[in-house]
Protein chains: 2
Amino acid sequence: MGAKHPVRTTEKTLAVVEELRQRGRCGVTELASNLDMGKSGVHNHLTTLQEHGYVLKRGDEYQLGLKFLEVGGYVRKSMEFYQVAEPEVKALADETGELANLLVEEQGMGVYLMRSKGEDAVDLDTYAGMRAYLHTTALGKAILAYLPESRVDEIVDRHGLERETPKSIGTREELSDALDDVRERGYAIDDGERLAGLRCLAAPVKASSGEVLGAISVSAPASRVSDEDLHGELPERVLSAANVVELNINY
Amino acid sequence: MGAKHPVRTTEKTLAVVEELRQRGRCGVTELASNLDMGKSGVHNHLTTLQEHGYVLKRGDEYQLGLKFLEVGGYVRKSMEFYQVAEPEVKALADETGELANLLVEEQGMGVYLMRSKGEDAVDLDTYAGMRAYLHTTALGKAILAYLPESRVDEIVDRHGLERETPKSIGTREELSDALDDVRERGYAIDDGERLAGLRCLAAPVKASSGEVLGAISVSAPASRVSDEDLHGELPERVLSAANVVELNINY
DNA sequence: ACTCGGCGTTCTCTAGACCAGAACGCTTAT
DNA sequence: ATAAGCGTTCTGGTCTAGAGAACGCCGAGT
């Protein structure tokens, strides 16, 4: 549902921010023409944002500043779940040598809170703050499997089930089956569903109330993860990390 | 200099964001009374921000969402300096076992791009995105020492030289002396200036043009850093990390 | 040297948005 | 029952946002 009385000026500001983010450094005219706004209006928004650190001027082009990271970093740091999970995810990365990730759900999307690279980790284009559809990653499936069914329906209604690759989930039935599997095993697997050749294993973190707080995963190239690993040592490690977080978060 | 034609509505939106950040989760009435705005106005801003993911509603209280981290994380990821320096800072943390940091200057302030904890690292309350006055940290001094003098004056004029502790820099003369020392040694030291008992050593990273891109540091408790360390092995390691970044960034 | 095109910026003016304040429905405390 | 206080909705008057035109500047083309 849209806001009843949206502040249109704020929406324009956010549109400027979004456009500036997509284009990276650029000028007033370029922004204005792509936003269907006059140059003066765009200019006013930019200087206002600049005044508050959200936008920088370099020469006579504009770009987004690090204020967003300041606010976002503060929000993340304030999350108890992040504080508790961060060292465990790092430890998991060091221990396995692979890429370990931490994801939470927000407004029906997955948000990566952090990623930690082990010694041999693949270099994916994920980054802290990045969003992903929940049904397309092991992390997301681990979360969906432990959300109330009504919530899952809401999320699917809102964001759909677009396939990212031919192997990924694309229908409600496939999703339902996949979530059953996750609940049976206690962890989620992504075998090339998001990126060919990439295997990923994720475990949910639940509060004592049963509510899902997020999920922890390890991503590695298929060449280094045998089928036995995928159902043997690797899940043990990821589940153990998730379990430690669960214990620490409930004091 | 303030914006010539500020967008007042945007400024109100940003004020709402800032207030919400400081208070954490809270209600419309509380925000409105502290912002000198009517409840309806605050409500309109909040629902608009919510619509775009910048704000979340939990029950009938509001809080900041992870959209800020998404935008900020994207901005950070897009910085070449971060991409190149990130693995080196991580390596430095692993190697020393202490806390390693990466800082850049923006609008006269220092912004932490990341921190990486080694095995024995102290747990400071810094976080990615956090700002600090440049004159109060070794990282900041390492940057100031290699900025043009006119730029340093500008920054001091704008942000002053407030002392954070009795040991820290508080006058232009002290700053000037400190920056001379940095240039002589090639690295900056903070011996309890920011936090009693904490020693910190930082090296600048410069582009081939001579421009300072940022600085890399290691922070450790004084009990683990002898005076010899402070002028022996530790600077070597930090300087070496900075040097690797310099080499990699100039292709 | 001069012009021209295009940039970021400034100015003016009015159509239209913002939002204080009042009113509403709801929950909780008394 | 009642009241107090919350988030939300609604409306009208005030003030602002921003299109469009004009400006100063710079670099390219002639």
Side-chain angles (χ1 to χ4, degrees), chain A residues 1-65 67 106-107 154 158, chain B residues 1-65 67 106-107 154 158:
Chain A
M1 173 202 81
K4 265 287 179 291
H5 298 285
V7 182
R8 283 179 240 282
T9 305
T10 299
E11 293 190 318
K12 285 186 188 169
T13 301
L14 298 179
V16 169
V17 167
E18 182 57 29
E19 193 70 26
L20 198 49
R21 167 180 158 184
Q22 281 173 18
R23 294 183 178 272
R25 194 184 306 187
C26 75
V28 174
T29 306
E30 185 180 346
L31 286 173
S33 64
N34 284 85
L35 286 166
D36 264 316
M37 291 175 62
K39 288 197 293 174
S40 66
V42 172
H43 183 261
N44 292 158
H45 283 270
L46 288 171
T47 51
T48 304
L49 287 165
Q50 186 191 3
E51 200 68 14
H52 291 82
Y54 290 93
V55 158
L56 306 177
K57 189 158 65 154
R58 281 266 183 82
D60 48 25
E61 292 193 312
Y62 291 88
Q63 64 183 104
L64 293 184
K67 182 82 180 192
E106 193 174 286
Q107 303 191 323
E154 258 177 55
R158 177 162 172 190
Chain B
M1 173 203 79
K4 265 287 182 287
H5 298 285
V7 182
R8 284 181 238 282
T9 306
T10 299
E11 293 189 317
K12 284 185 190 170
T13 301
L14 297 179
V16 170
V17 167
E18 182 57 28
E19 193 69 26
L20 198 48
R21 168 180 157 186
Q22 281 174 19
R23 294 181 179 273
R25 191 185 308 184
C26 75
V28 174
T29 306
E30 185 180 347
L31 286 173
S33 64
N34 284 86
L35 286 166
D36 263 316
M37 291 176 62
K39 289 197 294 175
S40 67
V42 172
H43 183 259
N44 293 159
H45 283 268
L46 287 171
T47 51
T48 304
L49 286 166
Q50 185 191 3
E51 201 67 15
H52 292 81
Y54 290 93
V55 158
L56 306 176
K57 188 156 65 153
R58 278 264 184 82
D60 48 25
E61 292 193 311
Y62 291 88
Q63 64 183 101
L64 294 184
K67 183 82 179 192
E106 193 174 285
Q107 303 191 324
E154 259 176 55
R158 178 160 170 193

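Just the heavy atoms: all of them, side chains too, but no hydrogens, waters or symmetry mates, feed the values below. By convention in this document, chain letters (A, B, ...) are assigned in the order of the sequence lines, proteins followed by strands, and residues within each chain are numbered from 1.
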Discussion item. For D/dG18 and A/Lys12 - does any side-chain N or O of the residue sit under 4.0 Å from the phosphate oxygens OP1/OP2?
Written reply: yes

Worksheet item: CD of B/Glu30 versus P of D/dG5: gap in Å, rounded?
Response: 15 Å

Discussion item. Check the phosphate of D/dG7 against B/His43, side-chain N and O only, distance under 4.0 Å to OP1 or OP2. Yes or no?
Written reply: no

Practice prompt. Using atom CZ of B/Arg8 as one end and atom P of C/dC19 as the other, report the distance to the nearest whole Å.
Written response: 12 Å

Worksheet item: Of all the choices, D/dC6, C/dT9, D/dA17, which nucleotide is nearest to the side chain of B/Thr29 once you look at every atom?
Response: D/dC6

Worksheet item: In whole Å, what is the span from the CG atom of B/Asn44 to the P atom of D/dT9?
Response: 9 Å

Discussion item. How many whole angstroms separate atom CD of B/Glu61 from atom P of C/dC26?
Written reply: 21 Å

Worksheet item: So how far is it from A/Asp36 CG to A/Lys12 NZ, rounded to the nearest 0.5 Å?
Response: 10.5 Å

Discussion item. For B/Thr13, is there any backbone N or O sitting under 3.5 Å from a side-chain donor or acceptor partner on A/Thr10?
Written reply: no

Worksheet entry | Presence of B/Ser40 side-chain N/O under 4.0 Å of C/dG21 phosphate oxygens OP1/OP2 | no

Worksheet item: Just how far, in rounded Å, is C1' of D/dG20 from CG of A/Asp36?
Response: 15 Å

Discussion item. Let me spell it out: for each of A/Gly41 and A/His5, pick the nucleotide of DNA chain D with the closest heavy atom. Which residue's pick is nearer the 5' end?
Written reply: A/His5

Practice prompt. Give a yes/no answer on whether the side chain of A/Tyr62 brings an N or O atom under 4.0 Å of OP1 or OP2 in C/dC7.
Written response: no

Worksheet item: In Å, rounded to the nearest 0.5 Å, how long is the span from CZ of A/Arg25 to OH of A/Tyr62?
Response: 13.5 Å

Worksheet item: To the side chain of B/Lys39, which of D/dG18, D/dA17, C/dA23 is closest?
Response: C/dA23

Worksheet item: Rounded to the Å, how far apart are B/Asp60 CG and C/dG25 P?
Response: 18 Å

Worksheet entry | d(CD, A/Glu11; C1', D/dA17) in whole Å | 15 Å

Worksheet entry | Residue mapping more 5' on DNA chain C - nearest nucleotide basis, A/Thr9 or A/Val28 | A/Val28

Worksheet item: When you measure from the side chain of A/Lys4, which nucleotide among D/dT8, D/dT9, C/dG8 comes out closest?
Response: D/dT9

Worksheet item: Looking only at heavy atoms, what is the nearest atom pair of A/Pro6 and B/Thr48, with distance?
Response: CA-OG1, 3.4 Å

Worksheet entry | A/Leu35 CG to D/dA19 C1', straight-line distance once rounded to whole Å | 15 Å

Practice prompt. State which residues pass salt bridge (charged side-chain N to carboxylate O under 4.0 Å, His left out) with A/Glu19; sequence neighbours excluded, sorted by chain then number.
Written response: A/Arg23

Worksheet item: What does B/Val42 touch in the nucleic acid at a heavy-atom separation under 4.0 angstrom: a base, only the sugar-phosphate, or nothing?
Response: nothing

Worksheet item: Does a nitrogen or oxygen in the side chain of A/His45 sit under 4.0 Å from OP1 or OP2 of D/dG18?
Response: yes

